[in-house]
Amino acid sequence: MRGEITGENTRWKILCPAATGKRAPPGRSSIILLVLDLHTEVKYVKGVGPRVAEWLEQKNISTVEDLLYYLPFRYEDRLNPRGIGELRAGEMATVIAEVRNSAIFRTRNGMPIFELVAGQGRSTLKCIWFHGEYLRDRFKPGQLVALYGKVEEGWKGRGLQINQPQFEVLDGGGGGEGELDLESAKDIESLEVGRIVPIYESAANTKLTSRWFRRIIHGALENLGPQIADGIPPALCRRLGLLDRRAAFEHVHFPPEGEAFAALQNFATPAHRRLIFEELFFLEVGLELKRRKMRSRPGISFALTENVREAIKKTLPFKPTAAQKRVLGEIAQDMQQPSPMRRLLQGDVGSGKTIVALQAAVIAMENGYQAAFMAPTEILAIQHYLSARRTLEDAGYRVVLLTGSMDDALKRSVRRHVAQGNVHLVIGTHALIQEKVEFHKLGFVIVDEQHRFGVMQRFKLMKKGDTEPDTLVMTATPIPRTLALTLYGDLDTSVLDELPPGRTPITTRKISDKRANEVWDFVRKQARLGRQAYVVYPVIEGAPAEQQEMEFANEPVGARSKTGLKAALHMYDELRKKVFPDLRVGLLHGRLSPEEKEETMRRFKAAEIDVLVATTVIEVGVDVPNATVMVVEHAEHFGLSQLHQLRGRIGRGAAKSYCVLMTGGKVSQEGERRLNEMVRTQDGFEIAELDLELRGPGEFFGTRQAGMPGLRVANLLRDRKLLELAKVEAAKLVAETDPEVSLEDRKRVMAHLKNHWQRRYGLVEVG
Ligand code: ADP
Ligand code: MG
């Protein structure tokens with residue numbers, strides 16, 4: 001019997017065994033297979049079942065399509081597995097061999113080493129894993145294993161060995177609940193050797209191994225109908241030479257013969273490119289639609305009269321840079337439009353974003369609206385508050401501060417004034433977005449250091465106006481335009497690409513804290529010249545002091561925390577009493593009360609403090625031009641962007657500034673690279689690029705970057721070129737300017753977007 005039956009939601013394919021070359025299960029004369037489509041629930045995939053489906057759910061795999069998007073994270077070239085006898089030291093090789101025996105040894109200092117001996121006939125190969133205790137019961141004599149790694153000369157010339165090889169047990173185990181019925185050893189073998197093999201991340205606490213995924217996905221592809229839905233318009237596929245979608249899925253999992261290995265590893269094969277483009281294309285179409293929708297929403301059109309221009313000029317304490325003028329022009333242009341402004345202002349630390357934002361706020365205030373300014377830390381909010389009062393109060397604007405740790409009665413009174421409209425500008429922290437805060441007439445929102453807030457927090461503040469307020473978000477993290485457009489999809493961008501005049505480049509040095517005394521001498525010299533210094537520590541507090549003194553009795557300057565890191569509180573004492581008894585030393589960290597913070601900031605600004613011991617609370621925004629020295633202890637513990645921000649606290653005046661990156665203890669290779677880059681360049685753009693490269697976009701923007709789309713294949717950094725292309729094509733599609741793309745095609749794109757993207761990324765909601 002042969003043919004197809006169609007059920008309610010499913011199709012079944014009936015094959016006569018002879019046609020497939022497969023053996024029918026005992027008692028049955030034909031094989032019945034479910035013909036899968038992309039939306040079929042994963043539990044119907046052969047070898048999965050309800051229980052495994054639950055495990056897969058944890059990996060967000062619920063349909064066949066999700067399963068196919070579970071891509072190999074690397075590949076192994078097992079085209080030509082090697083005979084043990086022909087191995088040479090120094091080469092990378094795959095060896096398929098039989099387990100002979102295994103054991104655990106300990107080195108003299110107690111480190112467990114797992115040793116495996118594998119053989120082919122009379123040749124044997126030793127493999128070792130340091131700290132390999134977890135492998136104790138992993139191998140059984142007689143099993144076939146694939147081993148992949150660098151061949152090395154064994155200890156004292158005892159033959160060759162592989163240290164820490166990648167490995168895979170090729171028979172038995174590995175399937176758990178979803179164990180496949182091994183139809184023929186030959187079938188399976190063809191997935192494991194003699195080809196480029198896909199390697200998957202294991203799941204469900206390694207119950208679902210790489211090998212398990214390989215077989216399940218192979219089976220799913222075999223039973224997938226020949227036609228699968230493709231949302232990309234055919235004309236576009238042709239023009240860009242995109243691989244067919246079904247073929248792309250097949251090829252990324254099971255590369256065809258002749259596929260270049262390097263291209264596979266780099267996600268650069270035609271199959272990868274097709275899937276990456278597809279993902280980015282739909283993302284960009286979604287963003288483009290969102291932008292359009294936003295442009296059609298009602299907003300406030302502010303008037304830019306002569307009076308308003310005069311008012312702006314009055315608030316300027318200095319001559320604006322050309323970049324500041326241009327950016328204010330861009331903002332003012334937006335503010336006059338009837339749709340809500342959403343603009344991202346990028347500018348390196350110290351480029352003078354704050355004053356531009358305050359001037360834009362003046363436009364709103366002169367039009368009878370209130371403005372809100374949200375900063376990520378209390379210290380920053382306080383500082384903005386102090387400087388806004390300085391620039392705005394003389395002109396008659398009333399400015400207030402609102403932060404969470406303020407006294408309740410005071411908060412209530414501030415909220416009342418804001419609600420009654422007695423206040424023009426309110427500056428604060430997250431406290432601003434609390435429900436209790438109501439505005440009389442909010443028209444303009446400023447969010448400083450955007451990357452520290454989630455997208456949703458920004459929206460919360462925007463919702464506090466009756467008509468949607470204009471929004472300006474600022475960031476010192478320079479990111480490429482297309483990337484910015486994707487991450488902050490709904491924002492237009494302005495760039496302050498010029499520093500205010502009179503800045504001298506900062507000298508940066510890297511030095512071990514064994515030479516701390518030289519650094520302190522230097523700080524003292526600067527203080528005697530009337531300058532001020534920051535000394536930054538990675539933690540506030542550590543272990544009790546007595547204990548530390550015992551542990552670190554012979555350190556030049558003691559007081560390290562449990563983690564071995566010097567802590568701000570102890571070092572404050574140390575520096576104040578022993579190192580700088582002749583100087584005025586202050587302390588600033590997150591746990592102080594807002595009054596203490598404000599007082600310390602005020603004193604530091606007024607040069608009543610020479611040396612400010614601090615944690616990274618001062619990382620963003622703090623602006624004291626007379627401070628010329630930034631000492632960062634345990635600099636190896638900080639990320640690049642963080643160091644760049646910290647260094648941005650100095651070099652803000654005309655005097656020469658110095659940044660000293662002190663290392664304490666062992667520095668990793670990557671840490672070393674970060675510090676060397678800091679010494680080499682002061683260019684925020686370069687540093688951001690490198691940071692992005694070292695950490696990847698997810699980490700780079702932090703988990704709080706709630707607007708970060710959850711991509712499955714694409715990597716916004718690696719695939720920047722494709723991102724550009726996808727954006728151009730998406731814009732064309734939405735604007736309907738591509739004559740080759742029919743109305744039907746467009747409808748299909750929208751339908752695809754609706755099915756896939758709304759659910760996954762909530763693109764439509766966020767807006
Ligand atoms: P950031 O962009 O890092 O937020 P700020 O707005 O804090 O930078 O500005 C850095 C410093 O430069 C501040 O002291 C500010 O008063 C000063 N500044 C800004 N614009 C100018 C200008 N056009 N001329 C001189 N100094 C300026
Ligand atoms: Mg700033």
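Each ligand, and each atom within it, is numbered from 1 in the order the structure gives. All values derive from a computational prediction rather than experimental measurement.
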Mode of Arg652 contact toward ligand 1 - side chain, backbone, both, neither (heavy atoms, under 4.0 Å): side chain
Lys/Arg-Asp/Glu bridge criterion (N-O < 4.0 Å) met for Lys314, Asp394: no
Enumerated ligand 1 atoms positioned under 4.0 Å from heavy atoms of Thr321: 23 (N)
Any donor-acceptor N/O pair, Asn626 side chain to Gly530 backbone, under 3.5 Å: yes
Check: Asp610 side chain, Arg584 main-chain N or O, donor-acceptor pair, under 3.5 Å: yes
Numbering as shown, the atoms of ligand 1 that approach Lys319 to under 4.0 Å (heavy-atom distance): 22 (C), 23 (N), 24 (N)
Region of Asp623 that comes within reach of ligand 1 [heavy atoms, distance under 4.0 Å]: side chain
Distance, nearest 0.5 Å, that separates CE of Met474 from NZ of Lys353: 7.0 Å
Audit row: Glu498, Lys325, salt bridge (Lys or Arg N to Asp or Glu O under 4.0 Å) steps and yes/no: CA-CA 11 Å; Glu498 181 185 359; Lys325 270 195 218 161; over 6 Å; no
Numbering as shown, the atoms of ligand 1 that approach Pro320 to under 4.0 Å (heavy-atom distance): 23 (N)
Arg503 touching ligand 1 at heavy-atom level, < 4.0 angstrom: yes
Those atoms of ligand 1 less than 4.0 Å from some heavy atom in Pro500: 18 (N), 19 (C), 20 (N), 21 (C), 22 (C), 24 (N), 25 (C), 26 (N), 27 (C)
All salt bridge (charged side-chain N to carboxylate O under 4.0 Å, His left out) counterparts of Asp719, not counting sequence neighbours: none
Gly352-ligand 1 polar pair, N/O distance under 3.5 Å: yes
Gln324, portion touching ligand 1 at heavy-atom distance under 4.0 Å: side chain
Close aromatic pair by centroid cut-off 6.0 Å: Tyr369 and Phe302: yes
Numbered atoms and elements of ligand 1 in range of Thr354, under 4.0 angstrom, heavy atoms: 4 (O), 5 (P), 6 (O), 7 (O)
